[in-house]
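A short worksheet on the structure shown next.
Just so it is clear, the structure is predicted and the values come from calculations on it, not from any experiment.
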Amino acid sequence: MSNKRLTLMVIALIVTLIAAALPASPVTHVAAQTTCGTAPTPRLTVGQSARVVVTDGTGNNLRTSPNTSATIAGVLADGEVFSVIGGPQCVANYWWWEVRRWDGMSGWTAEGEPGDYWVEPWPILDAQLAPGTRPNLPGLLLMFLSGYEGFLTPQAMQVSGVNQTSIGNNIAAGPDNRLVWSPDGTRVAFSDGSDIYVANQFGAANLTNDPTGGNTWPTWSPDGTRIAFTSMRDGNPEIYSMQANGLNPLNLTNNPAYDDYPAWSPDGTRIAFASDRDGDLEIFSMSAADGSGQTQHTADTDDDLNPVWSPDGSKIIFQSDRDGNFE
């Protein structure tokens, strides 16, 4: 054996021993994140809108979990537009996305199979419109306020214009003058400036029955089980939540400042609100469960109020007079 060959073998042996002694490189999962068996490349993004591709009217199944064996919670109709709130998850050669429908129903739907996307990002220029069928208007319910400023009565009526009836009491100069639909579309919450009511087409129920009054600005949790609202029962405006039947009211803010305008996050974990605890109204958020983790999001010398969450919960839109008038 030549000296040159022996030298090369020794060098190779040293390199092998050094490599074995070094810590192993971390395993990356990039391929697992970008491919899912035979599923086509995902095109959706959490926080955007999407719709079911218009085909033969079959629609897309909405399941309780990302699996073809999971329970079907509903069917997304051809051309139906929805919000993408989670995902994707790769299960059984399908990319699955968690979505929320216009009526608040959420679940998981598959994006498609090789050569055939079942859902698509929306909007799309020159997209085909869904033929669909005319909605069953007589079966749809309309809630509205009727009267004149300072003396409004909640009304219920079928969209076809029949069976109009008054629900609840007059909203005499109520501070919010609004009706707030429950996520399942069967009830509305409103305030008469004193108490919080929930109504359907048959009538209204007083949920607070608070002799001190000042219960306003109701807002539903995404699952429809609780209602957040502003209350004066402690002598100053605080954010409360209660069960949708009015039981177990809970003071979430517990602060001597002015706290108002509660808004539930899309995932149900936090509530945004406005508070003047630093001298003017600013936007805060807190845990929806117990009011912990109160976090200030704006800091200026003007008033910021009326927060509303983006569909993916990553942003908050609000009103502010920092430009000299409310924008």
Side-chain angles (χ1 to χ4, degrees), residues 49 51-52 57 59 62 72-83 85 99-107 129-209 215-229 241-247 262-264 266 268 306 308-309 311:
S49 294
R51 76 163 187 171
V52 179
L62 184 70
I72 297 176
V75 177
L76 302 167
D78 280 11
E80 180 175 337
V81 177
F82 52 86
S83 298
I85 61 175
V99 304
R100 179 180 293 114
R101 306 180 76 177
W102 66 272
D103 61 358
M105 176 185 288
S106 60
L129 298 180
T133 57
R134 182 179 178 182
N136 179 23
L137 293 182
L140 299 179
L141 188 66
L142 175 68
M143 299 275 196
F144 59 98
L145 297 172
S146 178
Y148 55 89
E149 186 175 1
F151 196 79
L152 301 172
T153 302
Q155 303 281 317
M157 181 178 68
Q158 290 179 345
V159 175
S160 57
V162 301
N163 299 331
Q164 180 175 340
T165 182
S166 296
I167 54 174
N169 300 322
N170 295 325
I171 300 181
D176 40 18
N177 286 349
R178 61 183 192 141
L179 301 175
V180 187
W181 283 99
S182 62
D184 64 2
T186 62
R187 297 159 293 167
V188 294
F190 62 90
S191 168
D192 64 355
S194 179
D195 284 300
I196 304 295
Y197 294 80
V198 165
N200 56 24
Q201 68 266 43
F202 305 112
N206 187 336
L207 299 187
T208 48
N209 284 300
N215 298 284
T216 60
W217 207 263
T219 179
W220 294 87
S221 64
D223 62 4
T225 62
R226 296 189 69 83
I227 296 174
F229 61 101
S241 76
M242 61 182 171
Q243 292 177 329
N245 57 7
L247 297 179
W264 225 296
N306 197 13
V308 179
W309 296 83

Q) Asp195 versus Tyr197: any side-chain heavy-atom pair under 4.5 Å? A) yes

Q: Over all heavy atoms of both residues, which pair between Gly224 and Arg187 is shortest? Give the atoms and the distance, please.
A: O-NH2, 3.9 Å

Q.
I need the Leu141 CG to Gln158 CD distance, nearest 0.5 Å.
A. 7.5 Å

Q) Say you draw a straight line from CE of Met105 to CG of Leu62; how long is it, rounded to the nearest 0.5 Å? A) 6.5 Å

(Q) Please check this pair: side chain of Trp264 against backbone of Ala228, looking for a donor-acceptor N/O pair closer than 3.5 Å. (A) no

Q | Residue list, salt bridge (Lys or Arg N to Asp or Glu O under 4.0 Å) with Arg100, at least two apart or on another chain | A | none

Q: Calculate, to the nearest 0.5 Å, the distance between atoms CG and CG belonging to Leu142 and Asn163 respectively.
A: 12.5 Å

Q) For the residue pair Leu145 and Leu152, what are the closest heavy atoms and their distance? A) CD1-CD1, 4.1 Å

(Q) Looking at every non-hydrogen atom in both residues, tell me the closest pair between Ala77 and Val52 and how far apart they are. (A) O-CB, 3.3 Å

Q: List the steps, then state whether side-chain hydrogen bond (donor to acceptor under 3.5 Å, both in side chains) holds for Asp223 with Thr225.
A: CA-CA 6 Å; Asp223 62 4; Thr225 62; 2.8 Å; yes

Q: Evaluate the side-chain proximity of Trp217 to Ser191: yes if any heavy-atom separation is below 4.5 Å, no if none is.
A: no

Q) Between atom CE of Met157 and atom OG1 of Thr165, what is the distance when rounded to the nearest 0.5 Å? A) 11.5 Å

Q) Where is the tightest heavy-atom contact between Ser49 and Val81, given as atom of each residue plus distance? A) CB-CG1, 4.3 Å

**Q.** Atom of Phe229, atom of Asn215 and distance for their closest heavy-atom approach
**A.** CE1-OD1, 3.4 Å

Q. When you measure from the side chain of Asp78 to the backbone N and O of Gly59, does any donor-acceptor pair fall under 3.5 Å?
A. yes

**Q.** Closest contact, heavy atoms only, Ser106 versus Ile85
**A.** CB-CD1, 4.3 Å

Q.
Can you tell me how far apart CE (Met242) and OG (Ser221) are? Round to the nearest 0.5 Å.
A. 11.0 Å

Q | Donor-acceptor under 3.5 Å (Thr208 side chain, Ile196 main chain) | A | yes

Q. Run the side-chain contact (heavy atoms from CB on, under 4.5 Å) check on Thr186 and Asn200 step by step: do they pass?
A. CA-CA 7 Å; Thr186 62; Asn200 56 24; over 6 Å; no

Q) Does a side-chain heavy-atom distance below 4.5 Å link Val198 with Ile227? A) yes

Q: Kindly indicate, with the supporting measurements, whether the criterion side-chain contact (heavy atoms from CB on, under 4.5 Å) is fulfilled by Met143 and Phe190.
A: CA-CA 11 Å; Met143 299 275 196; Phe190 62 90; over 6 Å; no

Q) Is Arg178 reaching over with its side chain to a backbone N or O of Pro218, donor-acceptor style, under 3.5 angstrom? A) yes

